[in-house]
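A quick write-up on the structure given underneath.
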2 protein chains.
Amino acid sequence: MDESEFLAGYDPRAYPAVAVTVDVVALTIRGGGLRVLLIRRAEQPHAGLWALPGGFIRPGEDLPQAAARELAEETGLSDRVHIEQLASYGAPERDPRMRIVSISYLAFAPDLPDPRAGSDAADASWHPVDKLPELAFDHDRILAHGLERARGKLEYTPLATAFAGERFTISELRGVYETVWGVSLHAGNFHRKILSVPGFVESTGETTESGGARGGPRAKLYRAGDARLLHPALLRPAREEQIR
Amino acid sequence: MDESEFLAGYDPRAYPAVAVTVDVVALTIRGGGLRVLLIRRAEQPHAGLWALPGGFIRPGEDLPQAAARELAEETGLSDRVHIEQLASYGAPERDPRMRIVSISYLAFAPDLPDPRAGSDAADASWHPVDKLPELAFDHDRILAHGLERARGKLEYTPLATAFAGERFTISELRGVYETVWGVSLHAGNFHRKILSVPGFVESTGETTESGGARGGPRAKLYRAGDARLLHPALLRPAREEQIR
DNA sequence: CTAATAGTGTCTATTAGACAATATATG
DNA sequence: CATATATTGTCTAATAGACACTATTAG
């Protein structure tokens with residue numbers, strides 16, 4: 001038997017097991033900023049550190065199902081939440097216990113009630129993404145990846161509406177873009193742009209009950225439209241440093 | 001111990017093992033069309049069916065490393081190949097042997113030599129993506145996902161240059177776009193557009209040795225530039241059916 | 001009233017794309 | 001020479017973004 005025959009006959013069941021987890025980057029907008037759901041680990045390893053919610057997949061359970069379950073365990077919510085696969089991480093030493101491959105998911109939700117700590121967590125809360133504690137494992141990298149994905153998807157998908165409530169004003173939608181992108185956008189141009197993208201929002205015919213907190217007319221209320229892609233897209237102001 | 005405590009204490013090592021594989025969607029342009037590398041399975045399950053190259057990850061091996069190894073085993077090449085993570089698949093019954101989670105990778109290469117079959121494959125060859133045989137497991141879904149990713153990435157990254165050789169003409173680059181997107185593009189407008197995107201291509205100062213096969217002047221030769229994102233992007237002609 | 005906000009109008013620069021023109025190869 | 005291709009020029013429509021303006025509401 002030469003080397004290639006040996007390798008072809010490699011049987012993973014003969015080796016120390018690999019475990020598979022899902023980890024969820026759940027984002028929401030709260031207190032004027034973008035926040036991520038973190039749990040404080042109750043168990044070793046990294047007990048006491050903050051981490052993304054997640055856990056081992058169970059027999060018979062598909063990956064998206066596992067991600068939704070992990071999220072629901074902390075937030076109690078599963079509807080009104082957009083969830084999609086982000087990426088997978090499998091560096092051999094990323095978990096000290098054993099070889100663990102993590103499939104990460106990205107979730108977007110409107111402002112949710114306070115999370116409850118699952119029984120494997122000492123605490124759970126929404127953390128501003130620009131003021132993060134030290135994270136367990138490689139979760140800082142996963143989170144950074146999730147943030148970049150979210151920022152990009154705002155450009156060409158109607159994802160922003162997943163951060164808003166059932167009905168929203170154009171200003172609220174602009175607030176989502178400004179918060180996630182960390183920029184300020186011109187109100188007038190943004191307004192016209194949104195209404196010019198077919199299927200992004202549709203009018204409810206209603207308006208807000210009152211004007212803004214500091215004055216201004218009542219705003220028209222919209223709901224999410226049926227577009228799955230925005231055309232033309234809403235592009236972020238170009239950042240030269242991102243291009244090269 | 002209530003249910004949540006039980007679930008928190010769930011230990012994956014107490015259950016039947018999960019295995020992790022990598023599968024590679026390797027694309028190239030050959031014979032005027034887009035092709036994908038497939039191997040004919042020599043072993044059960046699905047012996048005799050075509051499948052994406054892939055296999056179990058090995059102890060101590062990171063995921064991208066495993067993908068590069070699997071690709072190299074079939075093609076003999078590892079440099080000049082762009083490789084990136086695509087997505088993960090973990091439906092419980094996707095492999096009849098046991099619970100297998102697959103991390104898929106997407107690879108792009110210029111026209112490569114004929115593949116050699118690895119020892120776990122009866123055959124290996126480049127198949128036109130528009131005339132595919134039946135595929136093993138859920139590999140048709142993985143491949144479809146890879147194709148859509150590749151088409152999208154041509155828009156906003158310099159990926160097309162990964163399909164071309166070291167030096168290429170603007171016409172060759174246009175051929176890549178036309179082949180991957182399956183459309184025909186206006187030569188003049190494409191030419192000017194490419195040169196207007198900063199960092200996409202840079203001139204070598206050379207030209208082709210002779211004109212085209214059926215006449216025409218010698219074309220200038222370019223190499224890939226240093227841009228990582230194309231700005232402005234080269235958008236595919238909008239397709240209304242994709243938007244809704 | 002004053003200040004802030006919603007929504008609309010207008011103008012300019014950029015870009016995509018249709019179409020034409022010119023020069024240079026092949027056969 | 002006839003024809004194909006590379007490259008450049010010109011024009012039009014769509015779009016992004018700067019800026020201005022009006023109407024409406026909170027305080």
Side-chain angles (χ1 to χ4, degrees), chain A residues 32 154-156 164 167-178 181 183-198 200-222 229-240 243, chain B residues 32 154-156 164 167-178 181 183-198 200-222 229-240 243:
Chain A
L154 284 198
E155 292 188 320
Y156 58 94
R167 301 179 309 159
F168 50 85
T169 67
I170 302 294
S171 287
E172 285 168 356
L173 197 60
R174 177 164 49 87
V176 171
Y177 277 91
E178 292 182 329
W181 283 351
V183 299
S184 70
L185 301 171
H186 185 280
N189 290 338
F190 182 86
H191 197 107
R192 184 183 13 216
K193 171 76 183 175
I194 295 301
L195 297 184
S196 78
V197 178
F200 192 179
V201 299
E202 59 184 35
S203 176
T204 64
E206 300 165 289
T207 67
T208 51
E209 292 292 319
S210 61
R214 283 174 289 181
R218 297 174 180 185
K220 293 178 185 166
L221 285 167
Y222 296 84
L229 292 175
L230 304 185
H231 188 81
L234 282 92
L235 299 178
R236 279 177 280 187
R239 300 126 301 151
E240 182 67 23
I243 294 175
Chain B
L154 284 197
E155 292 189 319
Y156 58 94
R167 300 178 311 158
F168 50 84
T169 67
I170 301 294
S171 287
E172 287 167 356
L173 197 60
R174 177 162 52 85
V176 171
Y177 277 91
E178 292 180 330
W181 283 351
V183 299
S184 71
L185 300 171
H186 186 280
N189 289 338
F190 181 87
H191 196 108
R192 183 179 13 199
K193 170 76 183 173
I194 295 301
L195 298 183
S196 79
V197 178
F200 192 177
V201 299
E202 59 185 35
S203 176
T204 64
E206 301 164 288
T207 66
T208 52
E209 291 294 319
S210 61
R214 283 173 290 183
R218 297 175 180 183
K220 293 178 186 166
L221 285 166
Y222 297 83
L229 291 175
L230 306 185
H231 189 83
L234 283 93
L235 299 178
R236 279 177 280 187
R239 299 127 302 149
E240 183 68 23
I243 294 175

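Reminder, nothing fancy here: chain letters follow the sequence lines and each chain counts from 1.
- Here the side chains of F168(A) and V201(A) are in contact, with some heavy-atom distance below 4.5 Å.
- At least one side-chain heavy atom of L173(B) sits less than 4.5 Å from a side-chain heavy atom of F200(B).
- The distance between atom CZ of R236(A) and atom P of dT15(D), rounded to the nearest whole Å, is 21 Å.
- For E206(A) and dA6(C), the CD to P distance is 18 Å, given to the nearest whole Å.
- Judged by closest nucleotide on DNA chain D, S196(A) is the one of S196(A) and G211(A) placed further toward the 5' end.
- Atoms CG (L234(A)) and P (dA14(D)) sit 19 Å apart, rounded to a whole Å.
- Applying the salt bridge (Lys or Arg N to Asp or Glu O under 4.0 Å) test to every pair with at least one member in residues 210-219 of chain B, sequence neighbours left out, gives no pairs at all.
- In terms of the ring-ring contact (aromatic ring centres under 6.0 Å, His included) criterion, residue partners of Y177(B) (sequence neighbours excluded) are, by chain and number, W181(B), F190(B).
- Under the side-chain hydrogen bond (donor to acceptor under 3.5 Å, both in side chains) criterion, the residue pairs touching residues 200-211 of chain A are R167(A)-E206(A), E202(A)-R223(A), T204(A)-E206(A), with sequence neighbours excluded.
- L235(B) meets the side chain to side chain contact (heavy atoms under 4.5 Å, CB included) test with E155(B), A233(B); sequence neighbours excluded.
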Restricting both atoms to N or O, compile the protein contacts to nucleotides 4-6 of chain D shorter than 3.5 Å, with distance only.
unit_1 : atom_1 : unit_2  : atom_2 : d
dA4(D) : O4'    : R214(B) : O      : 3.1
dA4(D) : N3     : G216(B) : N      : 3.3
dT5(D) : OP1    : R214(B) : NH2    : 3.4
dT5(D) : O4'    : G215(B) : O      : 3.3
dA6(D) : OP1    : S171(B) : OG     : 2.5
dA6(D) : OP2    : S171(B) : OG     : 2.7

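- Residues E172(A) and V176(A) have side chains not in contact (no heavy-atom distance under 4.5 Å, counting atoms from C-beta outward).
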Restricting both atoms to N or O, compile the protein contacts to nucleotides 10-15 of chain C shorter than 3.5 Å, with distance only.
unit_1  : atom_1 : unit_2  : atom_2 : d
dT10(C) : O4     : R192(A) : NH1    : 3.0

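- Nucleotide dA18(D) holds its C1' atom 17 Å from the CZ atom of F190(A), rounded to whole Å.
- E209(B) has its CD atom 12 Å from the P atom of dA25(C), to the nearest Å.
- For dG27(D), the paired base is dC1(C) (Watson-Crick or G-U wobble, both distances below 3.5 Å).
- Using a 4.5 Å heavy-atom cutoff, the side chains of Y222(A) and I170(A) are in contact.
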